[in-house]
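A short worksheet on the structure shown next.
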Number of protein chains: 2
Amino acid sequence: MAHSHSWPQRPKSSEAGLNPHVSVDCVIFGFDEGELKVLLIERNLQKTDHESRKFSLPGNLVDDNEDLDTSAKRILKELTNLENIYMEQFFAFGDPNRVKSSSDAQWLNAVRELPTARVITVAYYSLVKIADSEPAAASFARKAFWCPVSEVPALAFDHNQILDKARQSLKIKLRMQPVGFELLPEKFTLGQLQRVYETILGTSLDKRNFRRKILNKGFLKALPEKQKGVPHKRALLYEFDKVTYDRLSSEQFNFDF
Amino acid sequence: MAHSHSWPQRPKSSEAGLNPHVSVDCVIFGFDEGELKVLLIERNLQKTDHESRKFSLPGNLVDDNEDLDTSAKRILKELTNLENIYMEQFFAFGDPNRVKSSSDAQWLNAVRELPTARVITVAYYSLVKIADSEPAAASFARKAFWCPVSEVPALAFDHNQILDKARQSLKIKLRMQPVGFELLPEKFTLGQLQRVYETILGTSLDKRNFRRKILNKGFLKALPEKQKGVPHKRALLYEFDKVTYDRLSSEQFNFDF
DNA sequence: TTTTCATAGTGTTGTTTTAACACTTAACTT
DNA sequence: AAGTTAAGTGTTAAAACAACACTATGAAAA
């Protein structure tokens with residue numbers, strides 16, 4: 001057996017300084033116009049990179065002394081200027097060739113002026129209220145934009161795979177916890193919430209059954225207010241009642257949807 | 001904003017060769033004597049380390065060119081001599097001080113003869129049939145042993161936290177997919193399976209309801225065989241019918257327990 | 001001003017799933 | 001022979017679920 005059993009220990013090859021790089025990538029979900037969207041960034045490609053993929057998920061190498069969560073929050077803050085955002089770490093991607101073997105390897109090496117070193121990435125997804133987020137591109141030279149998940153092009157590295165896994169994880173999460181409202185404004189209608197569920201779960205839901213079920217959970221508070229400016233009947237607005245939710249949670253209720 | 005938006009890019013400090021180390025830690029679960037157990041290893045402590053914690057989860061630094069999953073499989077193979085084991089990556093732990101600040105830091109540095117560098121770990125849990133695994137300690141100088149999860153002592157680094165998160169993740173998994181049988185021999189009784197569920201979920205279940213529910217799923221096949229050598233009525237043996245399970249899965253059934 | 005369009009809002013019923021509940025049987029041990 | 005342990009088995013009331021269609025309202029279009 002070639003490998004040592006006495007851990008921790010440096011593998012031989014790391015003495016050459018080839019420790020992996022560690023990055024954090026963020027799948028930032030938003031919901032708008034009845035669609036699930038994801039924040040992509042346009043990369044600064046060199047002229048010689050005409051074949052490379054132009055878009056990627058936002059990400060950063062993790063700073064020394066920086067926690068993974070902190071790194072993810074930093075990315076979010078930079079791109080959306082939002083803090084205190086719902087965020088979940090969902091997977092670490094560590095295929096040794098996930099960066100090296102991609103069509104972007106040449107570009108990457110050029111930028112880094114380094115021997116090719118692998119990059120292990122820890123991926124997070126976040127749910128943001130698009131309306132609250134600053135126009136993403138405004139604050140940065142780097143272009144960022146909301147892209148409907150159904151129209152996401154081929155992305156750099158393994159980012160399409162990361163996005164797929166994020167969608168899966170979110171789907172599972174939504175079935176277990178009421179995170180849907182994180183994608184909506186503070187005050188929202190049941191119709192909007194239903195569309196969030198339908199979009200993420202990929203099913204259509206019966207309106208009456210949905211309303212009964214979600215209202216019976218007890219964590220939605222009806223407001224004495226209605227929607228304005230819609231070209232049809234105004235819907236009652238609701239908000240998520242965190243205090244009640246926390247109380248119910250601690251009393252061991254299930255929130256499976 | 002101190003941080004760059006052009007990613008990927010090397011953080012300044014990494015030029016000094018302080019890239020994080022990346023390890024994989026494994027929470028290897030077994031089930032025996034009606035208890036959930038976890039495989040711990042006893043560490044080779046120096047004489048000067050009389051205050052350090054003696055036990056840890058098995059783990060390894062990830063080799064260059066080694067996939068994370070591969071690394072986890074390697075740990076399993078080394079400790080249990082088992083392959084093709086059920087395994088799930090469940091979380092990456094990256095607190096910059098998770099290793100440095102522990103009471104083991106001094107020891108760690110001594111062994112490594114390195115400036116203190118952080119270690120980011122990607123954690124997996126595995127479900128193994130204890131009976132099939134070789135006596136864990138036999139093949140290695142390093143002592144490994146099965147420890148009931150209820151009796152796990154203070155472990156090195158943040159390993160107690162990793163174990164807790166593994167248990168949570170497993171609980172969620174078990175509610176969504178029938179992984180319980182992975183902890184049992186190929187042929188098992190419904191009583192054994194029920195004890196697995198009760199142990200992992202932390203509840204007690206009604207025997208008749210449990211049987212009806214699990215048998216109705218359709219993926220357990222009754223064998224024409226009974227238990228032997230028990231001091232009471234012999235139970236019918238069952239096995240997990242993977243072919244049927246896969247078929248049912250693809251037909252979009254839910255397996256929520 | 002009338003019509004049209006889009007979404008809000010609302011109950012019932014049959015079916016399925018769940019939770020609660022107790023006794024008899026079989027195999028070994030004492 | 002008696003004791004111990006776990007296996008195995010059905011019913012019922014309550015809850016959750018799925019399927020289903022119409023009216024109400026507000027704006028825009030005609």
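These numbers come from a predicted model, not from an experiment. Throughout, a chain's letter reflects where its sequence line sits, starting with A, and its residues are numbered from 1.
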Is there a donor-acceptor pair closer than 3.5 Å between any side-chain N or O of S250(B) and the backbone N or O of R247(B)?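 Pair found, side chain donor or acceptor close to backbone of R247(B).
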Take the protein atom [atom1] of [X] and the nucleotide atom [atom2] of [N], then report the distance between them rounded to whole Å.
X       : N       : atom1 : atom2 : result
I214(A) : dG9(C)  : CD1   : C1'   : 17 Å
R195(A) : dA6(C)  : CZ    : P     : 13 Å
F210(B) : dG8(D)  : CZ    : P     : 12 Å
K228(A) : dT25(D) : NZ    : C1'   : 17 Å
D256(B) : dT17(C) : CG    : C1'   : 13 Å
L215(B) : dA7(D)  : CG    : C1'   : 13 Å
L205(A) : dA19(D) : CG    : P     : 11 Å
N254(A) : dC17(D) : CG    : P     : 11 Å

Considering only heavy atoms, which members of residues 179-194 of chain B lie under 4.0 Å from some atom of DNA chain D?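 Heavy-atom cutoff 4.0 Å gives G191(B).
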Please find out if less than 6.0 Å separates the ring center of [X] from that of [Y].
X       : Y       : result
F257(B) : F210(B) : yes
F145(B) : F55(B)  : yes
F181(A) : Y238(A) : no
F31(A)  : F29(A)  : no
Y245(A) : F240(A) : yes

Look for any protein N or O under 3.5 Å of an N or O in nucleotides 14-16 of chain D and output each such pair with its distance, or none.
none

Show, in sequence, the C-alpha distance, side-chain angles and deciding distance for E239(A) and K187(A), and conclude whether the salt bridge (charged side-chain N to carboxylate O under 4.0 Å, His left out) test is met. CA-CA 5 Å; E239(A) 67 181 9; K187(A) 302 172 181 183; over 6 Å; no
Under the criterion side-chain contact (heavy atoms from CB on, under 4.5 Å), which of K165(A), H159(A), R167(A) is the partner of L163(A)?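 So, applying the side-chain contact (heavy atoms from CB on, under 4.5 Å) to L163(A) and each of K165(A), H159(A), R167(A), only R167(A) qualifies.
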Taking protein heavy atoms under 4.0 Å as touching, what does nucleotides 20-30 of chain C look like 5' to 3' if B marks base contact, S marks sugar-phosphate-only contact and - marks none? BBB--BBBB--
Close side-chain approach of R74(A) to N60(A), heavy-atom, < 4.5 Å: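 The answer is yes; the side chains approach within 4.5 Å.
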Polar contact flag, side-chain donor to acceptor under 3.5 angstrom, T121(A)-D25(A):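 Result is yes, a qualifying pair exists.
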What do the steps show when you test L76(A) against Y124(A) for side chain to side chain contact (heavy atoms under 4.5 Å, CB included), and what is the final call? CA-CA 10 Å; L76(A) 257 168; Y124(A) 286 74; over 6 Å; no
